[in-house]
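Here is the structure we will look at.
Because the structure is a prediction, the values reported are computed rather than measured. The chains referred to below are lettered A, B, ... by the order of the sequence lines, with proteins before strands, and numbering in each begins at 1.
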Number of protein chains: 2
Amino acid sequence: MPRPTLRPEAADARAQGLHTIGEAAEATAVSAKMIRHYESIGLMPTAGRTFAGYRLYAESDLHRLRFIKRARTLGFSIKEIEQLLSLWDDRQRASSEVKQLALQHARALEQKIRDMESMRATLTDLARRCHGDNHPECPILEDLAGTSRKATN
Amino acid sequence: MPRPTLRPEAADARAQGLHTIGEAAEATAVSAKMIRHYESIGLMPTAGRTFAGYRLYAESDLHRLRFIKRARTLGFSIKEIEQLLSLWDDRQRASSEVKQLALQHARALEQKIRDMESMRATLTDLARRCHGDNHPECPILEDLAGTSRKATN
DNA sequence: ATGAGGCTTCCCACGGTGGGAAGGTCAAGC
DNA sequence: GCTTGACCTTCCCACCGTGGGAAGCCTCAT
């Protein structure tokens, strides 16, 4: 995704509606650190620069950053976001691939949720059976040590 | 948690019921790699060695490794496991601290579960509304791009 | 004695994010 | 004009937990 490197003066940049990385960060809730990172891994196109070397961002870049932010919030991995972005860039493509990605991710989430729910249930059960007083006996430690007779999961 | 460094011959070690790291790994489902790692970060005591430098593990070590394994399975972090182990080592201590740790961890899990459940719901909703056919319009991409009118979360 | 397979240490990778140092630049105020 | 402070740049390091792999010993069975 190469893009011509612009090298306007800073003042010109403002006039053209371009934003510095700090402004882009504020506008998209993606830290400047992460914006540079996304550029370095190719998730964002190589940013244009002022003569002084400051990165410049147009509205379309902010749009893309918000897309990434939203996808991260939904738990998509960087790899998955790469795919989503390429599908987004290529509007011609059928939506079935996108749906596929979304459902696959939803299934992965379901699995994780089940795992964590199981952990949570075990923990609250153990905690319920633990007096939590001065007595040394504690079902939680017993479970972890494998010395309790009734395993809870 | 220093422990006298034993330096028996390998044959002696077997006779004393000691295990190599590979045997310990198999017996506890903790990889040899991770056992060394846990030693390096102080979660496991410095292992005794044969003259040849091989690490040796007694039953109590396997016990501790199983404890760690179980706690990791329950999603405790290394830091939390450190605390749990110190509570375990010091049986005198009241069980209230353990209960505290368990409940705290359970609450953290609940939060994560809620977050992931929210993501999952959004994704399945978007997928449901996506035709998944050859048409380019796709609510999923629209949501990510922020162009859809009804946000789903 | 040889070879397979275990063990040792050491370094590197992942994903995703943050911290911080050292240095250049911009805009505002005097 | 010059200083000051906020911003930008690059670069390296950290976290957590785990795995991969290289190079070099060690042990045991044949």
Side-chain angles (χ1 to χ4, degrees), chain A residues 5 7-15 18-44 46-57 65 68-83 105 108 112 115, chain B residues 5 7-15 18-44 46-57 65 68-83 105 108 112 115:
Chain A
T5 296
R7 294 201 153 268
E9 304 271 7
D12 286 4
R14 296 293 150 76
L18 298 176
H19 309 273
T20 65
I21 199 170
E23 292 162 356
E26 180 142 23
T28 63
V30 177
S31 72
K33 211 96 186 185
M34 290 314 296
I35 296 177
R36 291 192 198 99
H37 177 60
Y38 291 154
E39 178 179 334
S40 80
I41 63 175
L43 201 58
M44 286 294 291
T46 305
R49 305 281 186 130
T50 67
F51 286 122
Y54 284 22
R55 285 176 180 78
L56 289 175
Y57 296 92
L65 283 170
I68 294 170
K69 178 70 179 180
R70 174 82 176 127
R72 289 288 307 142
T73 302
L74 287 175
F76 284 97
S77 72
I78 299 289
K79 287 247 162 102
E80 288 168 328
I81 296 175
E82 270 173 25
Q83 299 182 264
H105 184 53
K112 281 192 195 170
D115 292 348
Chain B
T5 296
R7 295 204 152 265
E9 305 272 7
D12 285 7
R14 298 293 149 77
L18 298 175
H19 308 274
T20 65
I21 199 170
E23 291 162 355
E26 179 144 23
T28 63
V30 177
S31 72
K33 210 99 185 185
M34 290 315 297
I35 296 177
R36 293 192 197 98
H37 178 60
Y38 291 153
E39 178 179 335
S40 80
I41 63 176
L43 201 58
M44 286 293 292
T46 305
R49 304 279 187 133
T50 66
F51 285 120
Y54 283 23
R55 284 175 180 79
L56 290 174
Y57 296 92
L65 283 170
I68 294 170
K69 178 70 180 182
R70 174 84 177 127
R72 289 287 308 140
T73 302
L74 287 176
F76 284 98
S77 72
I78 299 290
K79 286 244 163 104
E80 288 168 328
I81 295 175
E82 271 173 25
Q83 299 181 266
H105 185 53
K112 282 192 194 170
D115 292 348

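Taking 4.0 angstrom as the limit, A/R49 places a side-chain polar atom (N or O) nearer than this to OP1 or OP2 of D/dT10. Contact check, B/R72 against D/dT18: a side-chain N or O comes under 4.0 Å of OP1 or OP2. Between A/S77 and C/dG15 there is no side-chain polar atom (N or O) within less than 4.0 angstrom of OP1 or OP2. For A/T20 and D/dC8, the shortest distance from a side-chain N or O to OP1 or OP2 is below 4.0 Å. The side chain of B/S31 places no N or O atom within less than 4.0 Å of a non-bridging phosphate oxygen (OP1 or OP2) of D/dT18.
In this structure, A/R55 reaches the sugar-phosphate backbone alone: every heavy-atom distance under 4.0 Å involves primed, P, OP1 or OP2 atoms, never a base. Using a 4.0 Å heavy-atom criterion, one finds that A/R36 contacts the bases of the nucleic acid, with or without backbone contacts as well.
Rounded to an integer number of Å, the gap from A/F51 CZ to C/dG24 C1' is 17 Å. When rounded to the nearest whole Å, the span between CE of B/M34 and C1' of D/dG17 equals 5 Å. One can place CG of A/L65 at 12 Å from P of C/dT17, the figure rounded to the nearest angstrom. The distance between atom CD1 of B/I41 and atom C1' of D/dT18, rounded to the nearest whole Å, is 12 Å. If you take CD of B/E82 and C1' of D/dC15, they are 14 Å apart, rounded to a whole angstrom. When rounded to the nearest whole Å, the span between NE2 of B/H37 and C1' of C/dC7 equals 19 Å. Counting to the nearest Å, the C1' atom of C/dG5 and the CD1 atom of B/I21 are 15 Å from each other.
Mapping B/K79 and B/K33 onto DNA chain D by nearest heavy atom places B/K79 closer to the 5' end of the strand.
In this structure, the side chains of A/E26 and A/H19 stay at 4.5 Å or more apart for every pair of heavy atoms.
Atom CZ of B/R72 and atom CD1 of B/I81 lie 5.5 Å apart (nearest 0.5 Å).
The A/I78 side chain lies nearest to C/dG16 when the options are C/dC26, C/dG16, D/dC26.
Taking all atoms of both residues into account, the shortest heavy-atom contact from A/A25 to A/A32 is CB-N, 3.7 Å. Between A/Y57 and A/E39, the shortest heavy-atom contact is OH-OE1, 3.9 Å.
Between the base of D/dG17 and the side chain of B/Y38 there is no donor-acceptor pair shorter than 3.5 Å.
A rotation axis mapping the C1' atoms of four pairs onto the next four is fitted at both ends of the helix from C/dA1-D/dT30 to C/dC30-D/dG1 over five pairs, and the angle between these axes is 30° to 10 degrees.
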